[in-house]
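Structure, as structure tokens:
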Amino acid sequence: MVDADEAAGRTDRPKRADARRNQETLLDAAAAVFVRSGVEAPVRDIAAEAGVGTATIYRHFPTRADLIIGVYRHQVEACAEAGPALLASSPTPYTALARWIDLFVDFLVTKHGLAGVLQSDNAGFETLHAYFLDRLVPVCTSLLDTASAAGEIRSDLTAYELMRGVGNLCIGAENDARYDARRLVGVLVTGLRRTE
């Protein structure tokens with residue numbers, strides 16, 4: 001027996017490259033709008049940022065929760081993929097770590113808004129948080145280990161501790177123009193440098 005999806009020619013095959021790019025463009029646009037205006041920003045603002053109609057967004061993400069989860073996962077993946085790329089392209093492991101922390105801060109500013117919306121579904125939020133830790137702690141560990149092995153930073157800090165500290169410095173930054181979380185995170189990252 002053939003089901004309706006098979007009859008219509010739809011399967012769970014991977015998306016075409018152009019379809020993936022289009023979805024990534026939507027997710028990047030949504031993340032940028034969320035940073036500027038919060039996660040309750042109108043879909044028309046996201047559509048304008050992406051250069052598409054609102055129907056295109058709803059076709060990919062039927063509900064706001066779908067869009068928020070999509071942005072969250074997209075940003076986690078971008079942050080995870082950036083670690084090895086930065087290690088390969090930066091002049092020193094410490095520079096790679098500092099650049100990755102900058103990307104992580106950008107993600108956290110968006111994540112805090114996303115987390116507030118997602119916590120109404122506690123089980124779903126816990127699943128996403130575990131995904132976040134599973135993907136990003138190993139990347140940060142690699143950056144820290146490489147910078148430590150190069151003698152550039154102290155070696156007594158774990159990735160989880162650093163990420164938690166950066167996260168705590170970012171709390172509330174999106175709601176207080178007088179608070180510059182990025183400056184304080186910069187002080188923290190500078191404090192990692194070996195002074196001996």
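Nothing fancy with the numbering, it's 1 onward along the sequence.
- Within the structure, salt bridge (Lys or Arg N to Asp or Glu O under 4.0 Å) contacts touching residues 83-98 (residues at least two apart or in different chains) do not occur.
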query = Could you go step by step and tell me if Leu133 and Tyr160 meet the side chain to side chain contact (heavy atoms under 4.5 Å, CB included) rule?
reply = CA-CA 8 Å; Leu133 291 175; Tyr160 182 80; 4.0 Å; yes
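- Closest heavy-atom contact between Ala30 and Val71: CB-CG2, 3.5 Å.
- Side-chain N or O atoms of Glu81 include none that pairs as donor or acceptor with a backbone N or O of Ala78 at under 3.5 Å.
- The shortest non-hydrogen separation linking Thr25 to Ala50 is CG2-O, 4.2 Å.
- A distance-only check finds a donor-acceptor pair linking the side chain of Trp100 to the backbone of Cys79 [under 3.5 Å].
- Distance check: Gln23 CD to Ile57 CD1 gives 11.5 Å after rounding to the nearest 0.5 Å.
- Across every non-hydrogen atom of Val43 and Arg64, the tightest pair is CG2-NH2, 3.9 Å.
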message = One pair to check against side chain to side chain contact (heavy atoms under 4.5 Å, CB included): Phe61 and Leu27. What are the steps and the verdict?
response = CA-CA 10 Å; Phe61 305 101; Leu27 292 170; 3.4 Å; yes
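- Aromatic ring centres of Tyr72 and Phe34: separated by at least 6.0 Å.
- Rounded to the nearest 0.5 Å, atoms CD1 (Ile68) and OG1 (Thr63) are 8.0 Å apart.
- The CD1 atom of Ile101 sits 9.0 Å away from atom CG of Leu108, with the distance rounded to the nearest 0.5 Å.
- Open room surrounds OH on Tyr58; 12 or fewer heavy atoms of other groups in view lie less than 6.0 Å from it.
- No donor-acceptor pair under 3.5 Å is formed between the side chain of Thr56 and the backbone N or O of Val52.
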inquiry  = Please determine whether side chain to side chain contact (heavy atoms under 4.5 Å, CB included) holds for the pair Leu26 and Leu67, giving the CA-CA distance in whole Å, both sets of side-chain angles, and the decisive distance to 0.1 Å.
reply    = CA-CA 9 Å; Leu26 291 177; Leu67 179 60; 5.9 Å; no
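- Once rounded to the nearest 0.5 Å, the distance linking CD of Gln75 with CZ of Phe132 reads 11.0 Å.
- Between Tyr179 and Ile171, the shortest heavy-atom distance links the atoms CE2-O, 4.2 Å.
- No hydrogens or angles considered: nothing links the side chains of Asn22 and His60 as a donor-acceptor pair under 3.5 Å.
- Distance CZ/Arg164 to OG1/Thr158: 11.0 Å, rounded to 0.5 Å.
- Residue pairs meeting the salt bridge (Lys or Arg N to Asp or Glu O under 4.0 Å) criterion with at least one member in residues 82-97: none, sequence neighbours excluded.
- In this structure Arg154 satisfies the side chain to side chain donor-acceptor pair (under 3.5 Å) test together with Asp156, sequence neighbours excluded.
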Got a list of side-chain donor-acceptor pairs under 3.5 Å for residues 92-99, not counting sequence neighbours?
residue, atom, partner, partner atom, Å
Thr92, OG1, Thr95, N, 3.0
Thr92, OG1, Thr95, OG1, 2.7
Thr92, OG1, Glu152, OE2, 3.4
Tyr94, OH, Val189, O, 3.1
Arg99, NH1, Ser90, OG, 3.2

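- Within the structure, every pair that satisfies the side-chain hydrogen bond (donor to acceptor under 3.5 Å, both in side chains) test and touches residues 134-148, not counting sequence neighbours, is listed here: Glu77-Arg135.
- When all heavy atoms of Val139 and Pro84 are compared, the closest pair comes out as CG1-CD, 4.5 Å.
- Pairs engaging residues 41-55 under the salt bridge (Lys or Arg N to Asp or Glu O under 4.0 Å) rule: Arg36-Glu49 [sequence neighbours left out].
- The shortest heavy-atom contact between Leu144 and Leu157 is CD1-O, 3.9 Å.
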